Every structure is written in structure tokens, then in C-alpha cells.
Amino acid sequence: MILSLGANEIYSILNDFAFEKKESKNLNIVESRVLTLKKDNQKCLEILLNDKEVRILNIFEYCENLSKNSAFKAYLENEFFDLYKNDYSEFINLQIKNLQRAMQDIMLYYKLHLTFTNDLKTMSKLDNLKLENLDKKEGGNIYFLVENRACVELSFLRINEKMAMFVKALKSNEKNCQILTNSPSFKQLSLIKDEVKSYILD
């Protein structure tokens with residue numbers, strides 16, 4: 001036999017909660033956050049977020065196109081929720097530290113010699129680097145590897161007779177690579193106002 005709560009019982013449980021503001025035998029509390037996204041000071045989207053679920057509460061007129069966007073809903077329920085629930089900061093910090101070390105090693109080598117070399121170990125002791133078409137004088141590419149796959153491209157180009165380095169995310173289906181290249185720490189390293197940042201080597 002299924003027993004259901006009557007209206008009076010529900011009123012009583014909610015009334016007790018309103019006074020005491022704590023859980024009871026018949027009422028559990030799940031702490032949630034409501035995220036309000038804005039664009040140009042206009043409300044765009046409200047999202048309910050807790051440890052068990054993520055759900056769209058409201059889509060405002062300014063972002064109405066999201067209401068029929070199944071890819072956005074899938075992103076919220078999968079990648080976004082995974083990033084929210086799990087702490088990837090240790091992994092990201094280690095990868096960023098290694099990437100910065102590789103960048104510094106290569107920049108220092110170039111400043112001292114005004115040339116590159118095809119012997120990567122001479123430029124950097126890091127193991128997760130791979131050469132690709134690197135000309136000693138004109139530059140080329142060195143790849144930073146995550147899970148033994150190319151994830152970040154260090155691109156070296158001569159611009160106005162000076163050697164410049166650009167840090168670019170490569171398209172990858174590998175989860176850890178995406179976590180790294182979508183992180184705010186990586187964006188700070190590679191972008192300025194949504195444009196690729198350049199590092200002058202000489």
C-alpha cells in the first residue's frame with residue numbers, strides 16, 4: 001500500500017521548516033546555487049546547480065536561442081557538471097607549470113643562441129615535447145603533449161625580423177587535454193582579449 005502525504009501534513013512540514021530552517025524526518029535539504037548569466041547587463045540565463053544536478057530554471061528573451069539548443073543542454077549536463085563536481089586544479093597546475101617551464105627553456109635557449117636546434121633535449125629537459133618542422137632560423141612548431149598526445153602548439157614565427165612564440169590549443173577529443181586548454185590558467189597564458197598572445201624571443 002502506498003501512503004501519501006496529505007495537504008495538512010505538507011503544510012505542517014513546510015511550516016516547521018520555515019520556523020526552524022533545518023532538516024527533519026520528512027524534509028531533506030540539498031544546498032543549491034542559482035547562477036544568473038548576463039549579457040550587456042540583461043539577464044540571459046538562470047541555472048540551478050547542486051551536487052546532484054544541473055538544471056536550467058529560466059531562459060530569458062536575450063538568450064532565447066538556447067531554449068532549442070540540445071548541444072548546450074548536453075554540455076551543461078556532462079562537461080560543465082563534471083568540471084563543477086570534480087577538482088582538476090592539481091592536474092591543471094602541474095600541466096601549466098610544465099608548459100611554462102618548456103616555454104622558458106626554449107625562449108632562453110633562443111635568446112642565448114639566436115637559433116633553434118632539432119635536438120629538443122638541448123633546449124628543454126621536459127619529456128612531453130615533440131618537434132614538428134622546426135627550422136633553426138625561421139621557426140616552426142613544437143608540441144606540448146598530454147597523455148602522450150599533442151595538446152598545445154608552441155608556434156615560432158619571424159615577425160618584423162623578430163622571433164615570436166604563440167601558444168595555441170589544438171583540437172583534441174582527449175578529455176585531459178580539453179580540461180587543460182579550456183582552463184582559465186591556460187587562457188591567461190595563450191590569449192589577450194580573445195586574441196592569441198605573442199611572446200617576443202629576441
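If you're wondering where the values come from, they're calculated on a predicted model, not measured in any experiment.
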Are Ser89 and Asp87 close enough, and set up right, to give a side-chain hydrogen bond (donor to acceptor under 3.5 Å, both in side chains), and what steps lead you there? CA-CA 6 Å; Ser89 58; Asp87 183 5; 2.6 Å; yes
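For the atom pair Leu37 CG and Leu35 CG, the distance stands at 7.0 Å (nearest 0.5 Å).
Inspection of the Asp40 and Tyr62 side chains reveals an N or O donor paired with an N or O acceptor under 3.5 Å. Side-chain contact, Asn58 with Glu46: a donor N or O sits under 3.5 Å from an acceptor N or O.
Around OH of Tyr11, the count of heavy atoms belonging to other residues, nucleotides or ligands within 6.0 Å does not exceed 12. No more than 12 heavy atoms of other residues, nucleotides or ligands sit less than 6.0 Å from atom NZ of Lys171. Around atom CG of Asn148, no more than 12 heavy atoms belonging to other residues, nucleotides or ligands sit under 6.0 Å away. Environment of CG in Asn173: sparse, with no more than 12 heavy atoms of neighbouring residues, nucleotides or ligands closer than 6.0 Å. Within 6.0 Å of CD in Glu23 there are more than 12 heavy atoms belonging to other residues, nucleotides or ligands.
Contact check for Leu170 versus Cys151: no side-chain heavy atoms found under the 4.5 Å cut-off. With a 4.5 Å cut-off on side-chain heavy atoms, Thr181 and Val152 count as touching. Contact of the Leu120 side chain with the Ile142 side chain is registered, since non-hydrogen atoms from C-beta on lie closer than 4.5 Å. Leu45 places none of its side-chain heavy atoms less than 4.5 Å from the side chain of Lys39.
Salt bridge absent: Arg149 and Glu174 never bring a charged side-chain N and a carboxylate O closer than 4.0 Å. With respect to the salt-bridge test (charged N to carboxylate O, under 4.0 angstrom), the residues Asp127 and Lys121 qualify.
For the ring-ring contact (aromatic ring centres under 6.0 Å, His included) with Tyr110, the lone residue among Tyr199, Phe116, Phe156 that qualifies is Phe116.
In terms of modelled atom types and a separation under 3.5 Å, the side chain of Asn50 and the main chain of Lys52 share a donor-acceptor contact.
Residue Leu189 comes nearest to Lys197 through the heavy atom pair O-CD, 3.8 Å, listed as atom of the first residue, atom of the second, then distance.
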